[in-house]
Q: 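Structure in structure tokens, see below.
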Amino acid sequence: MQSPTITLAAGLRLPTNGLDYAILAIYFVVVLGIGFAARRSVKTSLDFFLSGRSLPAWVTGLAFVAANLGATEILGMAATGAQYGVAVVHWYWIGAIPAMVFLGLVMMPFYYRSKVRSVPEFLLQRFDKSAHLLSSVLFAFAAILIAGVNLYALSIVVEALLGWPQWVAIVVAGVFVLAYITIGGLSSAIYNEVLQFFVILAALIPICIIGLKRVGGWGGMTDSLKHAHGDNFLSAWGGTGIGQANPLGANWLTIILGLGFVLSFGYWTTNFAEVQRALSAKNLSAAQRTPLIAAFPKIFIVFLVMIPGMVAAVLVPKIGMTGSDLTYNDAIPYLMQELLPNGVLGIAVTGLLAAFMAGMAANVSSFNTVFTYDIWAKYVKTDKPDGYYLKFGRAITAIGVVLSIGTAFIASSFSNIMGYLQTLFSFFNVPMFVVFIIGMFWKRASMKSGVWGLLAGTTAAMLNYFWIYKGGIIDIPTDQGANFVSAIVGFVAGAAVMVVVTLFTAPKPEAELAGLVYGTTAPGIEEPPAEGDEAWYRRPALLGWGAIVLAALCYLPYSL
């Protein structure tokens with residue numbers, strides 16, 4: 001299935017006035033102010049890249065979820081809601097919550113106790129330099145591509161809504177992200193993400209409330225959509241039997257295995273743009289609680305992005321279809337234009353820009369860490385003083401922003417940004433996840449199996465997408481369905497190759513696996529519990545089970 005170029009409708013210009021621009025200007029001033037305030041705490045490279053491992057759990061938890069509130073969440077998920085209906089909940093209650101809980105309860109102890117500064121560095125300890133170098137290069141490349149998605153999406157939205165040329169929007173956003181990350185490092189990015197989280201909520205909530213009122217409430221909306229699209233549009237599982245037709249173009253098996261296990265766990269447990277927030281926490285307990293705290297707002301954010309997309313599908317029945325001036329990505333901008341008064345409109349525009357900047361900043365800050373620690377310091381300039389790497393980190397941040405601008409327009413081949421991002425995740429995150437999960441739970445996995453598993457998984461996922469799906473060898477109804485299948489193929493291929501390679505190559509000495517494989521403990525790294533950790537809200541296991549139960553209760557109405 002060929003996707004048209006991503007654009008917003010020319011007629012979506014917003015009626016902004018001086019009040020709206022004043023709100024936007026205040027936001028940018030506050031963003032830079034946070035960067036300068038954070039600069040005082042940046043004295044070493046660890047301060048710059050990981051906030052000195054000093055931040056409280058509530059800060060890292062909100063930053064964790066805000067880092068994901070970029071183009072995927074705002075435009076992409078609203079577009080998915082307009083295109084697929086209630087099925088969008090799969091990306092949250094199946095495709096996020098279980099993996100976030102798994103990261104907090106199972107994987108964070110491995111990451112945090114091993115004292116790694118990045119996700120690829122863990123592969124260096126568990127496997128060898130070849131796996132480490134390949135994973136570092138793949139992650140750095142993917143981070144720049146994903147940062148480019150946010151920057152490109154921001155530019156077309158600003159051009160359509162405010163009338164700024166794309167290059168102006170790209171330069172302005174790039175300069176501000178570059179400024180506050182370069183000045184204050186990860187601490188600046190994280191505290192800005194906490195601010196951006198609340199600004200984004202302030203933008204989305206009015207759109208949902210006013211939008212529902214316009215279409216006659218929840219009942220009026222669902223009646224209209226049922227008449228126009230059928231029952232399956234309003235059901236998460238309707239028509240997902242194998243061989244049945246449904247709006248998503250995927251069956252229950254590919255949803256559970258492709259999205260719920262492979263893509264979801266691959267993203268949330270190995271994507272350093274997210275894990276970096278947890279690694280900056282002040283102790284292991286706070287690191288474990290970071291994704292668990294983030295899981296609770298994640299459960300409900302789905303309504304804030306799904307409802308606008310469905311409201312837009314009611315107000316513009318042919319949105320995204322042939323003959324319509326609006327694409328699925330126009331859902332949020334269209335509602336902003338039609339529903340919001342000045343002042344509230346300024347908050348919405350600010351929230352939209354904040355979302356894109358948060359997504360870009362998360363990926364740029366993870367890129368500079370991986371490139372500095374895992375590529376430059378390990379293989380190019382080794383054994384330099386710490387001050388050198390601090391200066392280099394600031395320089396590579398600027399290069400990362402420039403590269404993001406260069407990759408931004410690659411996203412133009414996808415009409416639904418979510419589809420493009422899911423494609424990238426199936427190529428890069430899924431192979432890394434299979435190597436991590438096998439390496440963590442199988443002592444025998446050899447040192448060389450890591451690099452070959454990465455190569456096999458990435459290659460297989462790309463072949464399935466570009467050759468088998470795009471080449472029409474197998475008919476898969478939608479891009480999203482193809483992404484689920486690519487993820488499964490990449491996971492299976494990576495796992496199979498790791499097993500075969502392990503049978504013919506030497507394992508890592510067992511003494512070197514302490515603390516890196518499940519069931520082993522590295523000596524001398526246990527930390528005393530932080531004061532007050534006996535409180536229920538400080539217990540990662542209770543938080544994790546609470547998130548799972550709450551998500552299950554939310555899902556119940558759509559599972560019946």
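The structure displayed is predicted, hence computed values, not measured ones.
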Q: The test is side-chain contact (heavy atoms from CB on, under 4.5 Å); show your working for E274 and F64 and say whether it passes.
A: CA-CA 6 Å; E274 301 292 339; F64 188 96; 3.8 Å; yes
Q: Take the angle between the ring planes of Y84 and W91 and call it parallel below 30°, perpendicular above 60°, tilted in between.
A: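 Geometry flag for W91 against Y84: parallel rings.
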Q: Any sub-3.5 Å donor-acceptor pair from S135's side-chain atoms to H132's backbone N or O?
A: yes
Q: Donor-acceptor pair, distance only, cut-off 3.5 Å: does the side chain of K508 make one with the backbone of F127?
A: yes
Q: Of the non-hydrogen atoms in A67 and R277, which two are nearest, and what is the gap between them?
A: CB-NE, 4.0 Å
Q: Using atom types as modelled and distance alone, determine if a side-chain donor or acceptor of R126 lies under 3.5 Å from a backbone N or O of G439.
A: yes
Q: What is the minimum heavy-atom distance between A57 and R289, and which atoms define it?
A: CB-NH1, 3.5 Å
Q: Quick check, are the ring centers of W268 and F433 under 6.0 angstrom apart?
A: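 Ring centroids of W268 and F433 are no less than 6.0 Å from each other.
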Q: For a 4.5 angstrom cut-off between non-hydrogen side-chain atoms, does M108 reach T290?
A: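 The answer is no; the side chains never approach within 4.5 Å.
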Q: Once the angle between the rings of Y465 and F427 is folded into 0 to 90°, is it parallel (under 30°), tilted (30 to 60°) or perpendicular (over 60°)?
A: perpendicular
Q: Spell out, as yes or no, whether a donor-acceptor pair under 3.5 Å connects the side chain of T60 to the backbone of A278.
A: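 Checking the backbone N and O of A278 against the side chain of T60, no donor-acceptor pair under 3.5 Å is found.
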Q: Considering only heavy atoms from C-beta outward, does the side chain of V370 approach that of P120 to under 4.5 Å?
A: yes
Q: Quick one: are D374 and F139 in side-chain contact, heavy atoms under 4.5 Å?
A: no
Q: Could you go through V499 and W442, starting from their C-alpha distance and side-chain angles, then the distance that decides it, and tell me whether this counts as side-chain contact (heavy atoms from CB on, under 4.5 Å)?
A: CA-CA 10 Å; V499 171; W442 189 27; 4.2 Å; yes
Q: Counting only heavy atoms not in F102 (residues, nucleotides, ligands), do more than 12 fall under 6.0 Å from its CZ?
A: yes
Q: Hey, does the side chain of D128 reach the backbone of A131 with a donor-acceptor pair shorter than 3.5 angstrom?
A: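 Side chain of D128 to backbone of A131: a pair is present.
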Q: Enter the distance from M447:CE to E512:CD here, rounded to the nearest 0.5 Å.
A: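 With rounding to 0.5 Å, CE (M447) is 7.5 Å from CD (E512).
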Q: Determine yes or no for a side-chain-to-main-chain donor-acceptor pair under 3.5 angstrom, with T372 supplying the side chain and T369 the backbone.
A: no
Q: Do M77 and I301 make a side-chain contact, defined as non-hydrogen atoms from C-beta onward lying under 4.5 Å apart?
A: no
Q: Calculate, to the nearest 0.5 Å, the distance between atoms CG and CG belonging to L292 and L105 respectively.
A: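 It comes to 5.5 Å.
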Q: With a 4.5 Å cut-off on side-chain heavy atoms, are L133 and Y379 touching?
A: yes
Q: So T44 and D386, side chain to side chain donor-acceptor pair (under 3.5 Å) or not? Walk me through it.
A: CA-CA 7 Å; T44 67; D386 185 75; 4.7 Å; no
Q: In the structure I gave you, are the side-chain heavy atoms of T80 and Q83 within less than 4.5 Å of one another anywhere?
A: no
Q: Begin from the C-alpha positions of R444 and S449 and carry the test side-chain contact (heavy atoms from CB on, under 4.5 Å) through to its verdict.
A: CA-CA 10 Å; R444 178 64 179 82; S449 67; over 6 Å; no
Q: Could you check if a side-chain atom of F504 sits within less than 4.5 angstrom of a side-chain atom of K448, using non-hydrogen atoms only?
A: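 Side chain of F504 against side chain of K448, heavy atoms only: no contact under 4.5 Å found.
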Q: Applying the side-chain contact (heavy atoms from CB on, under 4.5 Å) criterion to V435, which one of L134, V451, L123 satisfies it?
A: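 Considering L134, V451, L123, a side-chain contact (heavy atoms from CB on, under 4.5 Å) with V435 is found only for L123.
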Q: So which atom in F367 and which in A143 form the shortest heavy-atom distance, rounded to 0.1 Å?
A: CB-CB, 4.1 Å
Q: Please report the shortest heavy-atom distance between V501 and T505, naming the atom on each side.
A: O-OG1, 2.7 Å
Q: Hey, what do you get for CH2 (W93) to OG (S264), rounding to the nearest 0.5 Å?
A: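 Going from CH2 on W93 over to OG on S264, the span is 15.0 Å.
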Q: The criterion is side-chain contact (heavy atoms from CB on, under 4.5 Å); which residues satisfy it with W58, sequence neighbours excluded?
A: P56, L62, V194
Q: Could you walk me through whether Y112 and Q288 pass the side chain to side chain donor-acceptor pair (under 3.5 Å) check?
A: CA-CA 9 Å; Y112 201 87; Q288 286 189 272; over 6 Å; no
Q: Just to verify, which of T270, I146, L145, L454 counts as forming a side-chain contact (heavy atoms from CB on, under 4.5 Å) with F428?
A: L145
Q: OG/S45 to OH/Y373 distance, rounded to the nearest 0.5 angstrom?
A: 3.0 Å
Q: Are any side-chain N or O atoms of Y111 and backbone N or O atoms of A287, one a donor and one an acceptor, separated by less than 3.5 Å?
A: no
Q: Would you compute the distance between atom CZ of F466 and atom CE of M462 and round it to the nearest 0.5 angstrom?
A: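 It comes to 6.5 Å.
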Q: Start with the C-alpha distance between L516 and M440, add both sets of side-chain angles, then the distance that settles side-chain contact (heavy atoms from CB on, under 4.5 Å), and finish with yes or no.
A: CA-CA 6 Å; L516 301 175; M440 279 185 173; over 6 Å; no
Q: Calculate, to the nearest 0.5 Å, the distance between atoms CZ and CD1 belonging to F371 and I399 respectively.
A: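 CD1 of I399 is found 7.0 Å from CZ of F371.
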Q: Whether the side chain of T459 engages the backbone of A456 through a donor-acceptor N/O pair (distance < 3.5 Å, no angle test) should be reported.
A: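 Side chain of T459 to backbone of A456: no pair is present.
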Q: Can you confirm whether M432 sits close enough to V119 that some side-chain heavy atom of one is under 4.5 Å from a side-chain heavy atom of the other?
A: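 Yes, side chains in contact.
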